[in-house]
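Notes follow once the structure below has been shown.
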Protein chains: 2
Amino acid sequence: MPSSLDLIERIGQLIRFEQREIGVREDLHPIHIQVLQYLDKCNRYSDTPLALSHYLGSTKGTISQSILVLEKKQLIKKVPDNKDKRVVHLKLTPKAKKVLLKIDEQIFTDDLLDKYSDHVNNTVNKTLQSILKDLQTRNNHRTFGQCSSCRFFTKEGENKYRCGLTSEPLKLEETVKICLEHEPSK
Amino acid sequence: MPSSLDLIERIGQLIRFEQREIGVREDLHPIHIQVLQYLDKCNRYSDTPLALSHYLGSTKGTISQSILVLEKKQLIKKVPDNKDKRVVHLKLTPKAKKVLLKIDEQIFTDDLLDKYSDHVNNTVNKTLQSILKDLQTRNNHRTFGQCSSCRFFTKEGENKYRCGLTSEPLKLEETVKICLEHEPSK
DNA sequence: TCAATATAGTATCGAGTCGAAACTATATTG
DNA sequence: CAATATAGTTTCGACTCGATACTATATTGA
């Protein structure tokens, strides 16, 4: 029997193969798709080249090149930060969102998990989360968790949230985005 | 809560990042490591450039290039097939086996799965296997399963096995290797 | 049986990845 | 306000990757 880790690796490989196939049609490399998917999921503190390089495990220089390509293809736009002039934010264009939708439909359209009971799905999900956390802490990887699960996250009232690190207020929809500065709450 | 598929993708990403880090030290790209790992796991019908290209989801030309690099680094050796003169078999050198051992120790040394009960591990493993199978059949991917789980596999007696496709006898240790021609038994 | 076709693998091209290193510009620190 | 840290860019060389054309050997079918 293959180990669960082997299976995870192999499933991950197959997902990437499918992404690559779709990418070929759209003239996008796997790394491009990963960049777009990340930018779609991350919060406003984490849409920078540096955050991307942490998430994707490569260097600033490499990411800078990929961004150049995506900019040329009109899939992302650079927006300068209005506080720190060194920082740029990367925004998805409508064209990019269309591409992401197409990828999502093609890869996740079959409801691969629907056939299992809630109990099984729950067990699998919890175990995977725990494995992920172990892997992240093991090598000091950043966790890139959802804002609302972060130790800096505070709820101040009905629909009023705040990031304790930047002291800035957060909109409801922002609390489910992933963040470069995320640290597990316990 | 992130979906299990997202988690699998992310865990797969992290495993690849760790592989990349190790690879940088050994001057190997991720694809090189994947090639070596595949050749370590595959049976004697499946150690060819074509099988590799199926497993890794790329073209023959690309694989041919990677093989050239790995040959130059003395990590694999080409051995011509003695029946079909078009075919070459790729064999790992002792140097490659050392590299694989180092990678395995560094990535899988922590027994990430030991902390869960047998029951949980079993549930997770079965679900992952089922997801993998669904993904493979969905896009007509080859299954690359273990020889002994193949519909062509036959047991002829105590420690006597045979592949029904090639009609050749199989050694015990061969029955756990993965095969290009693998088709699930039911 | 032997010409047509299929198959395994190689060679070459151009665009892009990737890590490393050097670089520019802006912030922070002491 | 000088030293240092940080965000991002540029450049280099080796390599990936898909596409295409190619060589050599096997299989086929009229």
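For B:Lys95, the salt bridge (charged side-chain N to carboxylate O under 4.0 Å, His left out) criterion is met by no residue, not counting sequence neighbours.
The separation between A:Ile63 atom CD1 and D:dT11 atom C1' is 17 Å, rounded to whole Å. A straight line from CG of A:Leu28 to P of C:dA15 spans 17 Å, rounded to a whole angstrom. At whole-Å resolution of the value, CD in A:Glu26 and C1' in D:dG18 are 16 Å apart. Rounding to whole angstrom units, CG of residue B:Leu50 and P of C:dT10 are separated by 11 Å. Atom NE2 of B:His54 and atom C1' of C:dA8 are 11 Å apart (whole Å). In this structure, B:Glu71 atom CD and C:dT10 atom C1' are separated by 12 Å, rounded to whole Å. Distance B:Asp81 CG to C:dT7 P: 17 Å, rounded to the nearest Å. Atoms NZ (A:Lys60) and P (C:dC23) sit 15 Å apart, rounded to a whole Å.
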Using side-chain hydrogen bond (donor to acceptor under 3.5 Å, both in side chains), reason through A:Gln13 and A:Arg10 one step at a time and then give a plain yes or no.
CA-CA 5 Å; A:Gln13 263 183 347; A:Arg10 188 67 187 144; 2.5 Å; yes

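A:Ser4 and B:Val124 make their closest contact through OG-CG1, 4.2 Å (heavy atoms, listed as atom of the first residue, atom of the second, distance). Across every non-hydrogen atom of A:Leu100 and A:Leu36, the tightest pair is CD1-O, 3.6 Å.
Ring pair B:Tyr38/B:Phe144 is perpendicular by interplanar angle, where above 60° counts as perpendicular and below 30° as parallel.
One distance of note links CG of A:Leu52 with CD1 of A:Ile31; it measures 8.5 Å at 0.5 Å rounding.
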Starting at the 5' end of nucleotides 25-30 of chain C, put B wherever the base has a protein heavy atom under 4.0 Å, S where only the sugar-phosphate does, and a dash everywhere else.
BBS---

Its contact letters, B for base, S for sugar-phosphate only and - for none at protein heavy atoms under 4.0 Å, make nucleotides 16-21 of chain C read SSBBS-

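Remark: the backbone N or O of B:Thr143 is paired with a side-chain donor or acceptor of B:Gln136 at under 3.5 angstrom. With hydrogens and angles disregarded, a donor-acceptor distance shorter than 3.5 Å links the side chain of A:Thr154 to the backbone of A:Arg162. Listed for the A:Ser46 side chain is no donor-acceptor partner under 3.5 Å among the backbone atoms of A:Ala51.
Partner assigned to C:dG30 is D:dC1, using Watson-Crick or G-U wobble distances below 3.5 angstrom.
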